[in-house]
Amino acid sequence: MRPKKTVLLTLLVNGQRHEVAAPQHHTLCEVLRDKLRLTGTKQGCDKGDCGACTVLVGGQAVLSCLTLACAVDGPVTTIEGLGGRGTLDPVQDAFDKCGALQCGFCQPGMMISARGLLDENPTPTIDEIRNALSGNLCRCTGYTKILEAVLLAAAHGNDVDQSYNDMRRDRVAVSAFPDVPPGGGLLIIGQGKSQ
Amino acid sequence: MLRMDPFLTETPTSVDEAVALLAAHQAAGRSTKVIAGGTDVVPNLKHGLFDPEVIVHIGRVPGLKGVVDDGGHLLIGALTTLHDLSVHPLVQQHASGLARAASLVAGPQLRRMGTLGGNLALDTRCLFYNQTYFWREALGFCLKKDGSLCHVVAGGKKCVAAASNDTATMLLCLDAEVVLQAPTGRRTMKLEDFYVANGIKNTVLEAVDLLVQVRVPKAASRRFEGYAKLRHRNAIDYPLLSVGLRVDVDGGVVSAMRCVVSALQARPHKLPCDAWIGRAFEHRQERQDVVDGLKQLAFAKCVPVKNLADDVVWRREMVRVLVQRAFDEAIGEAS
Ligand SMILES: Cc1cc2nc3c(=O)[nH]c(=O)nc-3n(C[C@H](O)[C@H](O)[C@H](O)COP(=O)(O)OP(=O)(O)OC[C@H]3O[C@@H](n4cnc5c(N)ncnc54)[C@H](O)[C@@H]3O)c2cc1C
Ligand code: SF4
Ligand code: FES
Ligand code: FES
C-alpha cells in the first residue's frame, strides 16, 4: 500500500478562510468540489486540455485539475466568488445579456479566464481576448457570443448596462469578428433596420 | 475523474533542502519525482505513467524565478513561468525566438503554471504512451512503460517517443547552458549535452538533480532568430514538428548558424549548418538561397516516425514549410 498522508490545508477561497483536511495527492479541483462543495468549478477532461476547471490563484487563471491542493500559494477565486450576493460580476452580466452560453459547462472556466484577463488588462483587443480564452474549450457556442460578451464587459469600464443599452438604442450588432482598434471597445457594424 | 495514486509531498524552501530531500528519500529506497508547475507531472501521474512514492514540490523555493542580464548572458531561473518568459523585456530583446517559442507552448493557463525548468525536463511523448492505464493495458503496454514492445518501430529495442518541448528547440539554437544542482555540488553543461537519444528518459538529469538556471549567451553581432511550430489547434496543442533557426551576421555574411528540428524522436535534431558560414546574407535573394539550401538539408535529414497521431508523410513534407516559416519569422523579427 502506498504511503498516504492527510494534511490540514488552509485555503483562502472567495475571500473566506477554509481549513480542510485533504490527502496530499489531491488536486485543487478535487478539494473545491468534493470537500468545499464549490461545484461551480467544473471537472471536464481532468488533464489540462479543456479549461473547464479554471480558477484564479493569486489573480492568475490556472487549471485546478493540475494544481496540487497542498501547493496552492495565494487566494483562490472560483465562479462562486465572482460578483456578490445578489449582484453579478460584469463578466457574468455580459455573458447573460449576450446569451453567451448553451449547455453552460464551459462557462465557469470561460468567465474566470475573462475575469483574469480584464483584471490585468481592462481594455483588451479582440486578439487579446481570443488569446486569453484560447485554453477554454466550448463545444456548443462557436465562441462568437462569448467574445462579444467579453467585449461588452470590457467596454465602458465594466458598466455593462451602459454598453448594453448603447447597443440596443443604436440597434446595432456588436461583432467579435472585424478588427477592433487597439484599446478594444465595441465595434459597430451595420445599423440595419431589420434588427 | 482521473484519480492519482497516493504519494507523500515534500515542500522544500531552498535548493539545498530540495536536493537533500531527494537524496534522503532515494537513499531510503523511496522513488521520488520533482514537481514544478505540475502541468506535465500531474497528467502523467493520472495516467499511471509516473508512480513516485514522494513528490518534491519546488514551487516555494525562492530565488529560482526571473531573468537577469549579467552582461554576456541572460540568466533565467528554472521556475520562471513560460508566460513570464514570453513577455519579459530582456528575453524579447535578446532572445526573441525563445520568447516566441514560450508563447506558443500549450494554452494561457498552462503557460502561467508551467516553468522553463519543467519544459526542458518534459517527458517525451508518444501516441502509445500518453494514454490512460486502461488504454495502455488494452494494447499490452509498451517498452517505455510497463511493457516490452515498441508499437512505433516493429521489433524496435529503443523508444523513439518525441521530444515535445518548444523552448528546448530554440534554446539549442541559442547555444544555451543549464546549471544543475546535485547534493555533491553544481555543474554547468551545454543544453546539447543534456539531451540523449533515448525516449524512455531523454535527459541526463539524475533523480537527485535539480535544474536551477538556464544561461543564454547574448548575440555578439546582428542576429536573426525564428521559431515555427506545427500543431492541430494553435490554441493549445503540443508540436507535431518544431523548427528553431538562428543566423548571426557579421559584415554582411553569415558568422554562425543553427537550425534545430524537434518533435521527431527523443533527441532534438541539430542540423549541420557550418557550410553556410561566410555566405552573403544581406540581400533578399542571398537570404533565400541560404534558406532553400537549409530546407533541402532538413528534408533529407528529418524523417518523422509514427509516434504522434499524424500522417508521417505530411509531417515530413511540412519540414520544409516549417524551415521557411522559421526563417520568415527570423527575418521579420530583425527587419
Ligand atoms: C494540454 C497540454 C498541452 C501542452 N502543450 C505543450 C506544448 O505545446 N509545448 C510544450 O513544450 N509543452 C506543452 N505542455 C507541457 C507543459 O505544460 C510544459 O512543458 C511546461 O513547461 C512544463 O513545466 P512544469 O513546470 O509544469 O513541469 P512539471 O510538470 O512540474 O515537470 C515536468 C518534468 O520536469 C521535471 N522538473 C521540473 N522542474 C524541474 C527542475 N527545476 N529540476 C529538475 N527537474 C524538473 C519534473 O520532474 C518532470 O519530470 C502541455 C501540457 C498540457 C497539459
Ligand atoms: S516509441 Fe515505442 S516504446 Fe516509446 S513510447 Fe512509443 S510505443 Fe512506447
Ligand atoms: S478539467 Fe482541468 S483542463 Fe479540463
Ligand atoms: S456552452 Fe456548452 S461547452 Fe460551452
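Since the structure is predicted, the reported quantities are computational estimates derived from the model, not experimental observations.
Within 6.0 Å of NZ on A:K145 lie no more than 12 heavy atoms contributed by other residues, nucleotides or ligands. Heavy atoms of other residues, nucleotides or ligands lying less than 6.0 angstrom from NZ of B:K65 number 12 at most.
For the set A:G116, A:C65, A:S113, A:C29, the entry with the most heavy-atom pairs within less than 4.5 Å of chain B is A:C65. Of the listed residues (B:R60, B:H83, B:R111), the greatest number of heavy-atom pairs within a distance under 4.5 Å of chain A belongs to B:R60. For chain B, the option among A:A71, A:G48, A:G51, A:A132 with the highest count of heavy-atom pairs below 4.5 Å is A:A71.
Under 4.0 Å is where a charged nitrogen must lie from a carboxylate oxygen, and between A:D34 and B:R3 at least one such pair does. A salt bridge does not link A:K5 with B:E53: every distance from a Lys NZ or Arg NE/NH1/NH2 to an Asp or Glu carboxylate oxygen is 4.0 Å or more.
Heavy atoms closer than 4.5 Å to chain A are found in both the backbone and the side chain of B:L8. If you measure heavy-atom distances from A:A61 to chain B, the contacts under 4.5 Å come from both the backbone and the side chain. Only the backbone of A:C45 comes within less than 4.5 Å of a heavy atom in chain B; its side chain stays farther off. Within the 4.5 angstrom heavy-atom criterion, atoms from both the backbone and the side chain of B:D51 approach chain A. Residue contact with chain B, scored on non-hydrogen atoms closer than 4.5 Å, involves the backbone of A:V72 exclusively.
From A:H26, atom NE2 reaches atom OG1 of B:T9 across 11.0 Å, with rounding to the nearest 0.5 Å. Between the NZ atom of A:K47 and the CG atom of B:N44 there is a distance of 10.5 Å, given to the nearest 0.5 Å.
B:R233 is listed as a side-chain neighbour of A:L137, based on a closest heavy-atom distance under 4.5 Å. Put simply, the side chain of B:V42 does not reach to within 4.5 Å of the side chain of A:H25, judged on heavy atoms. When side chains are defined from C-beta on, A:Q24 does not count as touching B:P6, because their heavy atoms never get closer than 4.5 Å.
Between B:M113 and A:L63, the shortest heavy-atom contact is SD-N, 3.4 Å. Shown here for A:L68 and B:I35, the closest heavy-atom pair between the two residues is CD1-CD1, 4.0 Å. The shortest heavy-atom contact between A:G135 and B:Q109 is CA-OE1, 3.4 Å. Closest heavy-atom contact between B:P108 and A:N131: CG-O, 3.2 Å.
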| task | Carefully, step by step, assess B:M4 and A:T27 under the rule side-chain contact (heavy atoms from CB on, under 4.5 Å). | result | CA-CA 9 Å; B:M4 287 182 277; A:T27 63; 3.6 Å; yes
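Partner A:L66 forms a side-chain contact (heavy atoms from CB on, under 4.5 Å) with one of B:D40, B:L45, B:T39 and no other, that one being B:T39.
Of the possible donor and acceptor atoms, none in the side chain of A:D46 sits under 3.5 Å from a partner among the backbone N and O of B:M1.
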